[in-house]
Protein chains: 2
Amino acid sequence: MKALKIPEATIVRLSVYSRFLEQVDKKGIVTISSGEIAEGVGVSPAQVRKDLAYFGEFGTRGVGYNVKDLLRHTLKILGLNARWPAVVVGAGNLGSALVSYRGFRERGFDIVGVFDNDLTKIGKRLMELEVMATEKIEQIVKQHNVKIGILTVPASSAKDAANLLINAGVKAILNFAPIVLSVPADVEVRDIDLSTRLEILTFHLCLKEMM
Amino acid sequence: MKALKIPEATIVRLSVYSRFLEQVDKKGIVTISSGEIAEGVGVSPAQVRKDLAYFGEFGTRGVGYNVKDLLRHTLKILGLNARWPAVVVGAGNLGSALVSYRGFRERGFDIVGVFDNDLTKIGKRLMELEVMATEKIEQIVKQHNVKIGILTVPASSAKDAANLLINAGVKAILNFAPIVLSVPADVEVRDIDLSTRLEILTFHLCLKEMM
DNA sequence: CTCACATCGTGATATAATTAACATTTAGGA
DNA sequence: TCCTAAATGTTAATTATATCACGATGTGAG
Ligand SMILES: NC(=O)c1ccc[n+]([C@@H]2O[C@H](COP(=O)([O-])OP(=O)(O)OC[C@H]3O[C@@H](n4cnc5c(N)ncnc54)[C@H](O)[C@@H]3O)[C@@H](O)[C@H]2O)c1
Ligand SMILES: NC(=O)c1ccc[n+]([C@@H]2O[C@H](COP(=O)([O-])OP(=O)(O)OC[C@H]3O[C@@H](n4cnc5c(N)ncnc54)[C@H](O)[C@@H]3O)[C@@H](O)[C@H]2O)c1
């Protein structure tokens, strides 16, 4: 790794490359070129090489990349050579769906706790977990050394819930509430704003309408 | 509207401004400056003005923006002066959560159909809707003139399900399956890749670890 | 009425990201 | 062994986005 200023888009693509390489590897393919990766994930070959070049030289000129090697490297870069315990706060519709999702486990994420403050939800089973009161957040986070929290509470509760997570020691939050969280500098937040994503679509539909 | 090349980031921010303005308007505030908007949503004042400037002059120099006016304009730009019927394909964990979400309706989206190909799911009630067989997609899409499809099927079915939507006349797809869809040029696709979002977090956690 | 102030709109500037170009390196065959 | 073809890694050019700086314009006090 040479630089410290990596575009976020590069990380996103790296994640996609890595998942694509898993499929390729499963097919038993040994070697792959930047062009084939590009083809598979819908970007340019130059982009693939550039993205990888931020982190080292993983290929062989004239040949391409060894699939298993490159897969291992991309996973390593993303931190997926280790497993990541995570917790979900808000056991509503969305939180429940996330807890039930097997795909996270396959990528290295283990949901080790689900929390809610609604008495009718506490105690409910979700997969192998039982919904716990938010008072238990700190205990579980410390016990499993959880660094990642997933926020699926209503916007009005998001700030408070985020603080519970941060006070417990969580350093990264995936926030689904449509609100801007302000957090200490050492905490990473990424928002997933589904309404906004739909609105990108309506914007483009309108643009085209006018032409 | 003057230009045709609007950064996607601008659209995303516009959506956020618009939601912020709704809150501000609810508080009865009449006028707001770019600085106050910036403060509220976590960007720079210049960014706010630049974003708005792509679409016209909505403010008054020395004064700021009229909240109601600007809200109306931002909604209009995003196409939210009309309602948008939409359908969900895949009535699993995530699809069910989306159908049950009230926030979409508040922003102008009406889910008018949920589809699945699993017989045990078909006929199940989700809010005021009943899960339908995918054979009904075309009928419902045409009947309601649906332009937006939300894809929440497994990756292995995503391509097929997307084709059903496109053949029925859908022009925009919000895709949750972790796969790259290839679609005709007149169809807009945006992916929501939750694993990737988590991996952005692990990447940053690792970066910090090393310092 | 004029001035001081606040704040917008925008052209200029700086920064960032993508694309393109190419020199370099490897594999493999004549 | 040498030559060709393929595909990388990297530098340069281009394009896109964000920031800055400031002229223009409206408000309200004196
Ligand atoms: N469901 C969706 O499809 C969807 C779509 C877009 C955005 N979102 C956003 O995701 C979030 C969750 O949505 P949802 O549909 O699951 O809502 P929901 O109402 O089904 O679930 C929210 C859960 O959070 C719990 N909660 C409330 N305050 C809490 C607190 N302080 N601590 C712990 N738990 C608390 C509630 O008891 C409830 O169980 C919301 O912010 C929503 O705006 C959801
Ligand atoms: N649930 C999550 O939290 C989550 C997180 C990240 C990504 N995703 C992605 O979202 C998608 C849905 O996830 P999920 O957890 O809801 O899965 P799920 O298995 O609960 O639901 C998928 C549904 O799609 C239906 N289906 C399958 N093939 C179909 C077809 N051809 N036509 C119509 N319906 C079909 C299935 O019967 C099932 O009901 C998947 O692609 C998954 O990778 C989900």
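Not measured: the values here are computed from a predicted model. Computed from heavy atoms alone, side chains included, the values below leave out hydrogens, waters and symmetry copies.
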K.L.:
Identify each atom pair where a protein N or O and an N or O of nucleotides 3-5 of chain C are less than 3.5 Å apart, giving names and distance.
P.N.:
none

K.L.:
A/E39 CD to D/dA7 C1': how many Å, rounded?
P.N.:
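After rounding, the gap between these two atoms is 16 Å.
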
K.L.:
With sugar-phosphate meaning primed atoms plus P, OP1 and OP2, does A/T10 contact a base, only sugar-phosphate, or nothing at under 4.0 Å between heavy atoms?
P.N.:
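Touches nothing.
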
K.L.:
How long is the line joining NE2 of A/H73 and C1' of D/dG9, in whole Å?
P.N.:
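A/H73 atom NE2 is separated from D/dG9 atom C1' by 15 Å.
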
K.L.:
Taking atom C1' of D/dT17 as reference, at what distance in whole Å does atom CD1 of B/I11 sit?
P.N.:
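So the CD1-C1' distance, B/I11 to D/dT17, works out to 14 Å.
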
K.L.:
Is it the case that the side chains of A/E199 and A/T196 hold a donor-acceptor pair, with the cut-off being a distance below 3.5 Å and no angle test?
P.N.:
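Short answer, no.
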
K.L.:
Assign each of A/R61 and B/G62 to its nearest nucleotide of DNA chain C by heavy atoms, then name whichever residue's nucleotide is nearer the 5' end.
P.N.:
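So the residue in question is B/G62.
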
K.L.:
OP1 or OP2 of D/dT8 sitting under 4.0 Å from any side-chain N/O of A/S34?
P.N.:
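Yes, A/S34 has a side-chain N/O under 4.0 Å of OP1/OP2 on D/dT8.
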
K.L.:
Do you know the tightest heavy-atom contact between B/K159 and B/S182?
P.N.:
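B/K159 and B/S182 have their closest heavy atoms at NZ-O, 2.7 Å.
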
K.L.:
Rounded to whole angstrom units, what separation is found between the CD1 atom of B/I37 and the C1' atom of C/dT7?
P.N.:
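Value for this atom pair: 12 Å.
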
K.L.:
Of the non-hydrogen atoms in B/A185 and A/K208, which two are nearest, and what is the gap between them?
P.N.:
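Reported closest heavy-atom pair: O-NZ, 3.9 Å.
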
K.L.:
Name the residue from B/N167, B/V89, B/V170 that meets the side chain to side chain contact (heavy atoms under 4.5 Å, CB included) definition with B/I137.
P.N.:
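Exactly one pass, corresponding to B/V89.
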
K.L.:
Identify the two heavy atoms, one from B/V112 and one from B/P85, that lie closest to each other, and give their separation to 0.1 Å.
P.N.:
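Nearest heavy atoms, B/V112 then B/P85: CG1-CB, 4.0 Å.
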
K.L.:
Which of residues 40-52 of chain A sit near DNA chain D, with a heavy atom under 4.0 Å from it?
P.N.:
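Of all residues in residues 40-52 of chain A, the ones placing a heavy atom under 4.0 Å from DNA chain D are A/R49, A/K50.
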
K.L.:
OP1 or OP2 of C/dG9 less than 4.0 angstrom from a side-chain nitrogen or oxygen of B/Y65, does that happen here?
P.N.:
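Result: yes.
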
K.L.:
Which heavy atom of A/S18 sits nearest a heavy atom of A/R107, and at what distance?
P.N.:
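The answer is OG-NH2, 2.8 Å.
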
K.L.:
Rounded to the Å, how far apart are A/Y54 OH and C/dA16 P?
P.N.:
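The distance from OH of A/Y54 to P of C/dA16 comes to 11 Å, rounded to the nearest Å.
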
K.L.:
Treating B/T134 as the side-chain partner and B/F115 as the backbone partner, does any N or O pair qualify as donor plus acceptor under 3.5 Å?
P.N.:
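Side chain of B/T134 to backbone of B/F115, a donor-acceptor pair under 3.5 Å: no, none is there.
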
K.L.:
Taking CD from B/E8 and P from C/dA17, how many angstroms apart are they, rounded to a whole number?
P.N.:
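About 16 Å, once rounded to whole Å.
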
K.L.:
Consider side chain to side chain donor-acceptor pair (under 3.5 Å). Of B/K50, B/R49, B/E39, B/Q47, which one does B/S34 pass it with?
P.N.:
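Passing option: B/R49.
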
K.L.:
Map B/E36 and B/E57 onto DNA chain C by nearest heavy atom, then report which one ends up closer to the 5' terminus.
P.N.:
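The residue closer to the strand's 5' end, by nearest nucleotide, is B/E36.
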
K.L.:
Whole-Å distance between D/dA18 P and B/K5 NZ?
P.N.:
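In whole Å, D/dA18 P and B/K5 NZ are 12 Å from each other.
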
K.L.:
Check each of A/Y65, A/Y17, A/F58 against A/H73 using the ring pair (Phe, Tyr, Trp, His ring centres under 6.0 Å) test, and report the only one that passes.
P.N.:
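Among A/Y65, A/Y17, A/F58, the one meeting ring pair (Phe, Tyr, Trp, His ring centres under 6.0 Å) with A/H73 is A/F58.
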
